[in-house]
Amino acid sequence: MSSSVKIPSDTSKGRIALVAIPRRLDKVLSYAIPDRLIGRLSPGMRLLVPLGRSKITGYLIGVSVQDGSHSLKEIIEALNDTPIINNEILELARWASEYYMQPLGLMIRAAIPGGNNLKSREYFKLTDQGTKIKATPNSMKGRILSVLKDKTGWVPISELSKDIGVELRENRLTRILSNMKRDGILDEDIRIIGKRDPSRKKRKTASDIKHPASLPSLYGREADLVNEVKDLINKGTYTPYLLAEIKKDTRQRIYLHLISLCIEKGKGVLLLIPEISPNLSLIKTLEDTFSGRVGLLHSRISEGRRFDILSRIREGKIDIIVGTRSAIFAPIDLPGMIIVDEEDDPSYKQDKGLRYNAKGVALKRGERLNIPVILGSSAPSVEDFYYGMTGVYKLRTLPEEEGPRIQGSKGSNEPANPRTKDPSTPQPLIKIVDMRGANGRTILSDQLNSSIANRISKGDRVLLFVNKRGFSNSIICQDCGYSFRCPDCALSMTYYKGLKRLSCHYCNKSACVPETCPDCGSSRLTEVGIGTERVEEEVRKIFPSAKVVRLDKDTIKGSRGQGVKGSSHRTLEPANPGTLRKEGEIVIGTDIVLRSPGNHPFALVGVVSADTCLHLPDFRLSHRVYKLLRGLIDLAGKGEVIIQTHNPSHHAIEAVSDPTNMGLDRFYQKEIGFRRELGYPPFSSMVIITLEGGNAERCMDRSQRLGKILHRNLDKGTELLGPARGYPEILRGRHRWQMIIKGDRPVQEIIRRSMEELNTEASTSGIRIDLDIDP
DNA sequence: AGCACGCCGACT
DNA sequence: GTCGGCGTGCTC
C-alpha cells in the first residue's frame with residue numbers, strides 16, 4: 001500500500017517535505033508532498049507518514065526542492081491544519097538536538113507535550129485469489145488461510161495471531177504475511193488508532209475565577225533585587241542571574257513579584273521546578289495569585305489535559321507555565337523571563353530517556369529571546385556558583401539573616417521593615433561523630449543514642465536519616481565472601497528482611513533469600529550495610545515504647561505517582577499535634593523526607609549514614625552530600641544535628657559544621673579548587689560516552705576502537721579518559737563501557753566524525769552508544 | 001527502536 | 001525443501 005511515487009524532474013519547487021521522525025534515527029527523511037497538501041504545509045506541523053511497514057507521526061521541519069532522483073514515499077496526511085509548535089520552539093528543539101546530540105524527532109516529541117498518540121495497526125483479508133488457494137493445512141501459511149477463510153472483512157493482526165496461536169511479534173508470522181501479500185493472496189490495510197483531538201473539557205471561565213490573592217510583602221534587599229530584574233524585563237535583555245543562598249520562601253516571594261511584573265507588561269513567564277510534589281504550595285499560591293492564567297506541565301499530566309493547556313496557551317489564556325523539565329519547551333508567546341528554581345537539581349538533567357539539560361535549554365532560550373533567566377537555589381551547583389563569582393552570571397545573594405523567619409501574613413501590605421528581622425536566627429548545634437573507630441556492626445553511636453533518648457523523653461520529634469532503603473545493602477557469605485548480586489546488573493542486591501527477599505534497586509528484579517551460600521553451602525550469611533529497615537529494627541529494640549515511623553519509597557503508597565491530584569505523599573506533620581507531643585516520635589527516612597511537603601522542624605536530626613556512597617565515580621557527589629546535609633540541618637531548625645560519618649575530614653562534611661552559613665564559602669572554595677585541579681566542569685566541558693551491549697567482547701572491542709579514533713581526532717586542550725568499564729559494569733544484562741572527554745571547547749563535531757569513522761570500520765549493531773553532553 | 005532480509009543449521 | 005534462530009542494516 002505504500003505508494004511510492006517518482007517525482008518528475010521538472011517538478012515545481014517545494015514538493016519535498018523534510019520530516020523529523022521520533023525514532024533513534026539521525027537523518028531527517030524526505031517525503032513527497034501530495035498535490036492536495038501543496039501550499040498547505042508549514043514547519044512545525046505533525047504529519048502522518050509511512051515508515052517501513054507502519055505509519056507514524058513525524059514533524060515537518062522544512063520543505064525543499066527535489067534533492068536527487070530518489071523515489072520518495074508520500075505524506076499520508078497532515079494531522080493538524082496549523083503547526084503544533086511555533087518556529088521559536090522548533091528552532092530551540094533543533095538547537096538542543098544538535099548540542100545534546102539527540103535525534104531531532106525525539107527532541108521535538110519531547111518538546112510537544114502529548115499529541116504523539118498515533119499508532120498504526122495492521123489488518124488483513126484474503127483477496128479473491130486468496131480464497132481459491134490451497135496450502136498444506138498444518139503449515140503457517142495453511143493456518144493463516146483457514147483462519148481468514150472463516151472470517152469476513154478485515155481482521156486485525158492481533159486477532160489473527162491469537163487464533164493461530166503465535167506470538168504477535170513473532171518473526172515468521174510477519175514474514176509469511178508479507179510474502180502472502182506479495183503473492184497477491186492477502187490484502188493489507190494499515191489503520192491509525194488513537195484519538196486525534198482529545199475532547200476538550202469545560203474549563204473555568206473568567207466568572208469562576210476567585211479574587212486573586214495579593215502579593216506577599218518584600219523585605220529589605222529583596223525589593224532592590226526585584227527592581228533590578230524589573231528593568232531587564234522591561235528592556236528585554238538576556239541576563240542570567242544566579243540567586244544563591246536564598247531560602248525557598250524568600251525565592252518564591254521574589255518570583256511572585258517578578259511574575260506579576262511580567263504579567264503587567266503583557267509578557268508570559270516560564271517557571272521550571274524539579275518536581276511537582278514538593279512544590280504544591282508554590283503552585284497553589286501561583287494559582288491563587290494569578291488565577292486562570294497558570295498552566296501546569298509535567299510528565300504525569302494526561303494527554304488530554306496537556307493538549308488543552310497547549311491550546312489555551314495558543315489562545316493566549318495561559319501565560320504562566322509552571323512545570324518540570326520538558327516544560328522549557330512550552331510555546332508561550334512573548335515570555336518576559338524564565339525561572340529555573342533549584343537550578344542544581346539533577347532532575348533537570350535526568351539520565352534516562354532523552355539526554356538534555358533543561359537548564360541549558362533555558363539559558364539558550366533566554367538568550368534567543370533576550371530576556372532574563374533566573375537560576376535560583378539555596379546551595380547552587382558548583383559550576384554556576386563559579387560562573388556567578390566570575391561575572392558570567394549576575395550573582396545575587398540574600399544571606400539568611402536578612403530574611404524574616406516567619407513570612408509576613410498574606411495580603412498585608414506593610415512596607416519592608418528591617419525591624420521585622422528575627423534576632424534569633426536558627427543555629428542548630430552540629431556534632432560530627434567519627435565512626436571509623438567503631439565496631440562495624442554499630443548503627444547508632446553512643447552519642448546519637450543518648451541524644452535520641454533525651455529527646456524522646458521530652459516528647460520531641462527525632463529524624464534519623466539513612467540514604468538506603470531496605471534492610472541492608474547486601475548479603476554476603478562469611479566463609480567464602482560470596483555476595484548476592486543481581487543476575488542482570490553486576491551489583492549487590494538490597495536485602496529486605498521483612499519480605500525475606502533480595503531486590504535490585506537498579507532494575508527492580510527480586511529474588512528469594514537462600515538459606516545457604518549457593519557457592520560453598522555455608523549457612524553463615526550476614527548482612528552488610530545499613531538500610532532504613534535495619535535502623536528501624538535497631539531503634540525499636542533500643543526504644544521499644546517510642547513511636548517509630550519509616551518514610552522511604554517502600555513505605556509510601558503508590559510511590560511512583562507524584563501527580564498533584566490525590567498525591568499520596570505523607571506529610572511530616574504530626575497527625576494530632578495536641579496529643580502526640582507527649583509521646584515523641586522517631587522518623588526514619590531517606591531523602592524522600594526532604595522532598596515531602598509540610599516539614600516541621602525536628603528537635604534532633606541524626607544522620608545515620610550520608611556518606612556511604614562518597615566513593616562513587618561522580619564528580620558532583622560532594623555537592624550532593626553537602627546539599628543533602630544542608631537540607632537536613634535546615635530540618636533541625638534550632639535543634640540538634642548529629643552526623644555520623646566515616647569521612648570526617650571530607651570537605652562537604654567539614655564545611656557543613658561551620659557556623660557561618662553552613663560553611664558555604666568554605667565548601668565552594670575547596671570544591672572549586674578540586675574541580676580546577678582535576679579539570680572538571682566548570683573548568684572544562686565534559687562529555688560521557690557509554691557503549692552498551694549484550695555481547696561483552698563486542699562491546700569492549702567497539703569502545704576501544706572508538707577510544708582510539710577519538711584519541712586520534714581530539715586535539716590539544718582536550719583529554720580522553722578511558723575507555724573503562726562502566727558503573728555498574730553490567731546493567732539489565734548489558735555490558736557497559738565508558739569514556740569521558742574533558743575539553744576546553746565543545747567537541748560534538750569531533751564525536752560525530754569519530755562515530756562515523758567507527759561505523760565504517762566495524763558494525764555497531766547491537767551496541768547502543770549513549771552520549772551525555774554536560775552531564 | 002522495529003522490522004525485514006539473509007545466512008545457517010536442524011528437522012523430516 | 002521448510003522452519004526457526006540470529007546477526008545486520010535500513011527506515012524517505
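Only this structure's heavy atoms are used, side chains among them; waters, hydrogens and symmetry mates stay out. Below, read A as the first sequence line, B as the second, and so on, with proteins coming before strands; counting in each chain starts at 1.
Rounded to whole Å, atom C1' of B:dC3 lies 13 Å from atom CD1 of A:I56. When rounded to the nearest whole Å, the span between CD1 of A:I767 and C1' of C:dG7 equals 13 Å. The separation between A:I769 atom CD1 and B:dA1 atom C1' is 15 Å, rounded to whole Å. Put simply, CZ on A:R702 is 14 Å from C1' on C:dG9, counting in whole angstrom units. Here B:dA1 presents its C1' atom at 6 Å from CZ of A:R23, a figure rounded to the nearest Å. Rounding to whole angstrom units, NZ of residue A:K27 and C1' of B:dA1 are separated by 15 Å. Straight-line distance from the CG atom of A:L354 to the C1' atom of B:dA1: 13 Å, rounded to whole Å. In this structure, A:D701 atom CG and C:dG7 atom P are separated by 16 Å, rounded to whole Å.
Side chains of A:R368 and A:R365 form no contact here, defined as non-hydrogen atoms less than 4.5 Å apart. Between A:R300 and A:I276, every side-chain heavy-atom pair lies at or beyond the 4.5 Å cut-off. Using a 4.5 Å cut-off on side-chain heavy atoms (C-beta onward), A:L354 and A:M107 make contact.
Of the side-chain N and O atoms in A:R698, one or more sit less than 4.0 angstrom from OP1 or OP2 of C:dT8. Note on A:S763: a side-chain N or O is less than 4.0 Å away from OP1 or OP2 of C:dG9.
Looking at A:R306, its side chain does come within 3.5 Å of a backbone N or O of A:S299 through a donor-acceptor pair.
Ranking B:dC3, C:dT8, C:dC12 by closeness to the A:R53 side chain, first place goes to B:dC3. Out of C:dT11, C:dC12, C:dT8, the shortest distance to the side chain of A:S765 is found at C:dT8.
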